[in-house]
Amino acid sequence: MFKDIACIVGIGETGYCRKPGSGMSEERLQLQASVAALHDAGLKGKEIDGILAFPNLGKSEAFAASLGSENLRFAATIHMGGASPVASLRMAAMAVTQGAANHVLIPGAWNGYSGARVRETVTTDKNSIPGGAIAWDYYLPQGLTVPPQWYALMCRRHMHEYGTTHEQMGAVAVAMRKHAQLNPGALMCGKPLTLEQYMASPMLADPYRVNDCCLETDGGAAFIVTTVERARDLGKTPIYIMGAASGQPYPADEFTTRKDFHQTGLSIAAPEAFRMAGVTPADMDFAQIYDCFTFEVIQQLEEAGFCQRGEGGSFVEDGGIELGGKLPVNTSGGLLSEAHSLGLGHVVEAVKQLRGEAGDRQVAGAELGVVTGWGDFGDGSIAILRR
């Protein structure tokens, strides 16, 4: 459908920070990242004719007005939380190859530290997440008010059924922190973490400790999708989109009553994406896995097919996902140690790796990589990219 015809041609990021906050609106942050992506691609704002805005964080027409995109003819928002950026990448690839747009911008940024907290958002707006009405009626009254508490139930069930351990989750946290030490832009650069320190960190929502949870940060990123043919006119080395897919578990808005408790949207999407790409998980040189929590790295590695269900814990042990291991994961530090860039940063890092622009954290000879997204109660998205 769009294999090797659509590509990523521009990437951009803001700086990431916590206290005292960005000092900018979320719209301005997204515009800053978008301008950086335009500069990287060698494009002008007027050449953007498609925009896929992140849910609840901006409107395509507002970005178009600020960027001078006079011919906006394709706009949409995919409501899949943190799975939206990679799902939007897929939609953008379809748009540019089917003639709906020439250059599609996908921006996303937020004041995740200095702005409204997730607890405030969820408890004041039931439409802030799919399943919000169910959360209001059944989760919040039981004290389950924020994602660490919801996802802790998923993690605990996996621990019960497969013997996944705290030390294995700690291996994920330690790997992400190691990678952040090689990334000057990561908020945890200069703050290494040992497994002993991880095990001694405070329990937040059992079985999740503080270091099992992603960072709350201000900032964001953006990327631009076009066709390979148009990319040649820009003189930019394209990063090819080999395959991409998205999916949702059933039911998508409630997870405690699922027939297959561990099935997520990625369980459906990953086989489709790898079939389209004509490659397998074993062919990947790296993986950028949406790491809202340490266990979700383990679970997504399983559901994407890098190992069997129940084997994710052993897969991440002994440096298996560190640089130099069998599958380097989240080479920038990810949401756990770089910043929470809503999942767009994972795409940006994948492009850097495939361009050979990742500096000290570069995976030698990287030619193939995978990016995933995770949102809400298990929505999933995935893209396979190549240089």
Side-chain angles (χ1 to χ4, degrees), residues 13-22 112-113 148 151-152 155 164-219 221 285-301 312-343 345-346 348-350 352-353 357-364 366 369 371:
E13 291 178 286
T14 70
Y16 299 115
C17 66
R18 288 167 65 85
K19 189 176 182 178
S22 70
Y113 179 82
Y151 299 151
C155 180
T164 308
T165 67
H166 285 284
E167 288 80 4
Q168 290 168 339
M169 291 189 288
V172 175
V174 169
M176 302 306 95
R177 194 67 68 89
K178 282 187 176 181
H179 296 165
Q181 306 315 300
L182 303 175
N183 178 6
L187 289 180
M188 293 294 108
C189 185
K191 301 177 181 178
L193 178 72
T194 66
L195 183 59
E196 291 74 23
Q197 290 171 324
Y198 163 86
M199 292 297 291
S201 64
M203 191 69 72
L204 184 64
D206 193 7
Y208 283 148
R209 293 176 161 85
V210 169
N211 287 317
D212 287 305
C213 305
C214 58
L215 299 170
E216 291 179 315
T217 57
D218 292 6
D285 295 313
F286 63 82
Q288 311 297 339
I289 305 291
Y290 193 95
D291 52 329
C292 47
F293 301 95
T294 52
F295 168 67
E296 288 315 326
V297 173
I298 292 171
Q299 184 175 33
Q300 288 178 78
L301 287 170
S314 57
F315 188 92
V316 304
E317 288 180 317
D318 302 320
I321 60 171
E322 295 178 13
L323 286 163
K326 54 181 175 282
L327 181 71
V329 170
N330 295 352
T331 47
S332 68
L335 305 183
L336 286 163
S337 288
E338 181 189 35
H340 197 316
S341 52
L342 302 166
H346 289 68
V348 169
E349 176 68 9
K352 289 179 181 179
Q353 286 288 342
E357 298 175 350
D360 291 341
R361 62 185 187 276
Q362 179 66 48
V363 175
V371 186

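Throughout, numbering of the chain's residues begins at 1 and tracks the sequence. No experiment lies behind these values; they were computed from the predicted model shown.
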Are the side chain of Q288 and the backbone N or O of E349 linked by a donor-acceptor pair below 3.5 Å? no
Search all heavy atoms of A358 against all heavy atoms of R361 and return the closest pair with its distance. O-CG, 3.0 Å
Partner residues of S22 under the side-chain hydrogen bond (donor to acceptor under 3.5 Å, both in side chains) criterion, sequence neighbours left out: N111
Can you find a heavy atom in the side chain of R18 that is under 4.5 Å from one in the side chain of D218? no
Between E338 (side chain) and N183 (backbone), is there a donor-acceptor pair under 3.5 Å? no
Mind checking whether T217 and C17 have side chains closer than 4.5 Å, heavy atoms only? no
Does H166 use its side chain to pair, donor to acceptor, with the backbone of M199 at less than 3.5 Å? no
Is there a donor-acceptor contact under 3.5 Å from the side chain of D291 to the main chain of V297? no
Show, in sequence, the C-alpha distance, side-chain angles and deciding distance for L336 and L215, and conclude whether the side chain to side chain contact (heavy atoms under 4.5 Å, CB included) test is met. CA-CA 6 Å; L336 286 163; L215 299 170; over 6 Å; no
Would a distance-only check, ignoring hydrogens and angles, find a side-chain to backbone donor-acceptor pair under 3.5 Å from Q300 to Y290? yes
Does K178 have more than 12 heavy atoms from other residues, nucleotides or ligands lying within 6.0 Å of its NZ? no
Using modelled atom types and a 3.5 Å cut-off, is there a donor and acceptor pairing between side-chain atoms of H179 and backbone atoms of E322? no
How about K326 and I321: do any of their side-chain heavy atoms sit closer than 4.5 Å? no
Counting distance only, does the side-chain N/O of N330 pair as donor-acceptor with the main-chain N or O of M176 below 3.5 Å? no
Output for pair (T331 OG1, H346 NE2), nearest 0.5 Å, gives 9.0 Å
Which heavy atom in G343 sits nearest to a heavy atom in L335, and how many Å separate them? N-CD2, 4.4 Å
Distance, nearest 0.5 Å, that separates SG of C155 from CE of M169: 4.0 Å
Going from CG on L193 to CD on E196, what distance comes out if it is rounded to the nearest 0.5 angstrom? 9.5 Å
Please collect all ring pair (Phe, Tyr, Trp, His ring centres under 6.0 Å) contacts where either partner lies in residues 195-219, sequence neighbours excluded, each pair once. Y208-F293
Which atom of F315 lies closest to which atom of L301, heavy atoms considered: CD2-CD1, 3.9 Å
Measure the OG-OH distance between S341 and Y16 for me, rounded to the nearest 0.5 Å. 4.0 Å
Considering all heavy atoms of both residues, which atom of A366 and which atom of Q353 are nearest to each other, and what is their separation? CB-O, 4.0 Å
Any idea which heavy atoms bring N211 and R177 closest together, and the distance? OD1-NH2, 3.5 Å
Can any side-chain N or O of S337 pair as donor or acceptor with the backbone N or O of A180 at less than 3.5 Å? no
Find out whether R209 and D212 are in side-chain contact, i.e. whether some heavy atom of one side chain is under 4.5 Å from a heavy atom of the other. yes
Run the side chain to side chain contact (heavy atoms under 4.5 Å, CB included) check on L182 and L323 step by step: do they pass? CA-CA 10 Å; L182 303 175; L323 286 163; 3.6 Å; yes
Non-hydrogen atoms of S332 and A186 that approach each other most closely: O-CB, 4.0 Å
